[in-house]
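See structure below.
In what follows, chains are A, B, ... by sequence order, proteins preceding strands, each numbered from 1. Just so we're clear, the structure is a prediction, and the values are computed from it rather than from any experiment.
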There are 2 protein chains.
Amino acid sequence: MARKPLRLDQFMPYRLSVAANRVSGAVASAYDRLFALSVPEWRVIAVLAESEGATQNAIGQKTAMDKVTVSRAAISLAGRGLIERSPNPRDGRSHMLSLSREGRNLYRRIAPKALELEADIFSVLSQEDLARFREALDHVARKAAELSGKRD
Amino acid sequence: MARKPLRLDQFMPYRLSVAANRVSGAVASAYDRLFALSVPEWRVIAVLAESEGATQNAIGQKTAMDKVTVSRAAISLAGRGLIERSPNPRDGRSHMLSLSREGRNLYRRIAPKALELEADIFSVLSQEDLARFREALDHVARKAAELSGKRD
DNA sequence: GTAAATTGGTTTCAATTGTTACCAGCTTCA
DNA sequence: TGAAGCTGGTAACAATTGAAACCAATTTAC
């Protein structure tokens, strides 16, 4: 590979980080403003909307969030009546989580907003560029995970 | 735009965030392990290597870091003798920062490692895909910043 | 020239985040 | 069985982060 000088503003990890921070800042502030939800809370809701009755553990797997983070989000959501916890018949330690009616209603209001916001931000890319971008992200993420010895 | 259901694992802000976290996790842990530097500290050093005698303010601008973050990094680096602060003749409140000899030496050792790591992670993309990816990131970041009313 | 508003930088404080320790409950295996 | 180890989830703690208050130096406006 050709020797090139290091310039911070050309350094990919830096750029990626700045871009991701901007995007997740915009998204997070929208969730918070519109629905008083943190990002982890929103993720938990999104997963439950897709797959009813997941355990916290399962949610953690799916979302690449730490189990502590999931736990906190779940406690807070349950406190607000947005999700319900029923005992897991297969395992006395864990609960099956599911959306309450209220939670489902909230989700129905959030989902379109989220898609709209996504469309808004990523509309700067053509359909094809977006597809490539998506793939590139995937490859890069996988490689980085591999380098730091993370299970994927 | 076609109505599509919301699936978290297809949701771009989510994917971007996961990818960026993985990459910056890998990078951060390498800096820490090899040179005992945090990411902000590393960024300050990188900027100073390019442009001697910047003020903290200028560094903040360039790196999209908060002034508090820059301040803390600068204090810590000065404490370790990696940078020097000379009074700014143009403004009595601020200091001109520059790398000490030691700092410059450290930089000379870090830079190749950083480039190597970058090459390693992003080698999963072809030269052309990388160029596109870079551009896409840029567009997306700009758009997100615009949406949340940030100066760019 | 001086009061008012602004800006570079640091400190203080509160909120978020991850790490470690911990407590059931479950499994394994003798 | 029942002791030893594992796993889901929570709690307690420490470290990071950013926001707001703050200080001193500077600029602006009268």
Side-chain angles (χ1 to χ4, degrees), chain A residues 17-18 20-22 24-29 31-33 36-44 47-48 53-79 83-97 148 150-151, chain B residues 17-18 20-22 24-29 31-32 36-44 47-48 53-79 83-97 148-151:
Chain A
S17 156
V18 169
N21 284 340
R22 296 240 160 104
S24 80
V27 170
S29 92
Y31 293 159
D32 182 46
R33 185 164 38 79
L37 287 179
S38 70
V39 170
E41 285 165 4
W42 143 252
R43 286 183 182 172
V44 167
V47 170
L48 289 179
T55 65
Q56 295 187 185
N57 206 352
I59 295 175
Q61 304 281 91
K62 272 208 182 175
T63 57
M65 291 193 290
D66 188 274
K67 66 179 182 170
V68 176
T69 308
V70 175
S71 169
R72 287 198 262 247
I75 289 172
S76 149
L77 291 172
I83 67 175
E84 278 153 12
R85 308 174 125 176
S86 47
N88 180 349
R90 297 199 145 285
D91 188 331
R93 292 165 298 181
S94 74
H95 315 276
M96 314 282 284
L97 305 189
S148 38
K150 284 239 174 68
R151 65 290 167 199
Chain B
S17 156
V18 169
N21 284 341
R22 295 241 160 103
S24 80
V27 171
S29 91
Y31 293 158
D32 182 46
L37 287 179
S38 71
V39 169
E41 286 165 3
W42 144 251
R43 286 184 183 171
V44 167
V47 171
L48 289 179
T55 65
Q56 295 188 186
N57 207 353
I59 295 175
Q61 303 282 89
K62 272 207 183 176
T63 57
M65 291 193 289
D66 188 273
K67 67 179 181 170
V68 176
T69 308
V70 175
S71 169
R72 287 198 261 247
I75 290 171
S76 148
L77 291 173
I83 68 174
E84 277 152 14
R85 308 173 125 175
S86 46
N88 180 348
R90 298 199 144 285
D91 189 330
R93 294 165 298 181
S94 74
H95 316 275
M96 314 282 282
L97 305 188
S148 40
K150 283 237 173 70
R151 67 288 166 200

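Partners of B/Asp66 under the side-chain hydrogen bond (donor to acceptor under 3.5 Å, both in side chains) rule, at least two apart in sequence or in another chain, do not exist in this structure. Looking at residues two or more places apart in sequence or on another chain, you find no side chain to side chain contact (heavy atoms under 4.5 Å, CB included) involving A/Ser29. Scanning for side chain to side chain contact (heavy atoms under 4.5 Å, CB included) contacts around A/Glu84 gives A/Ser98, A/Ser100, with sequence neighbours left out.
Contact of the B/Ser17 side chain with the B/Asn21 side chain is registered, since non-hydrogen atoms from C-beta on lie closer than 4.5 Å. Taking the side chain as every heavy atom from C-beta outward, B/Val18 and A/Thr63 never approach each other to under 4.5 Å. Contact annotation: the side chain of A/Ser76 approaches that of A/Glu41 to within less than 4.5 Å [non-hydrogen atoms, C-beta and beyond]. Side-chain contact between A/Arg85 and A/Leu77: absent, with no pair of heavy atoms (C-beta onward) separated by less than 4.5 Å.
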Nucleic acid footprint by protein, nucleotides 2-9 of chain C - heavy-atom cut-off 4.0 Å, B for base, S for sugar-phosphate alone | -----BSB

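In this structure, B/Leu77 atom CG and C/dT10 atom C1' are separated by 16 Å, rounded to whole Å. The CZ atom of A/Arg90 sits 16 Å away from the C1' atom of C/dG25 (whole-angstrom rounding). The interatomic distance linking A/Ile83 (CD1) with D/dG9 (P) rounds to 11 Å, in whole Å.
Closest heavy-atom contact between A/Pro89 and A/Pro87: CD-O, 3.3 Å. Taking each heavy atom of A/Leu48 and A/Leu97 in turn, the nearest pair found is CD2-O, 3.5 Å.
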Dot-bracket notation for DNA chain D, counting Watson-Crick and G-U pairs under 3.5 Å, with | for partners on another strand = ||||||||||||||||||||||||||||||

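Atom OG1 of residue B/Thr55 and atom CG of residue B/Asn88 lie 7.0 Å apart, to the nearest 0.5 angstrom.
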Pairs under 3.5 Å (N/O, protein and nucleotides 14-18 of chain D):
| unit_1 | atom_1 | unit_2 | atom_2 | d |
| --- | --- | --- | --- | --- |
| D/dG18 | OP2 | B/Thr69 | OG1 | 3.2 |
| D/dG18 | N7 | B/Arg72 | NH2 | 2.8 |

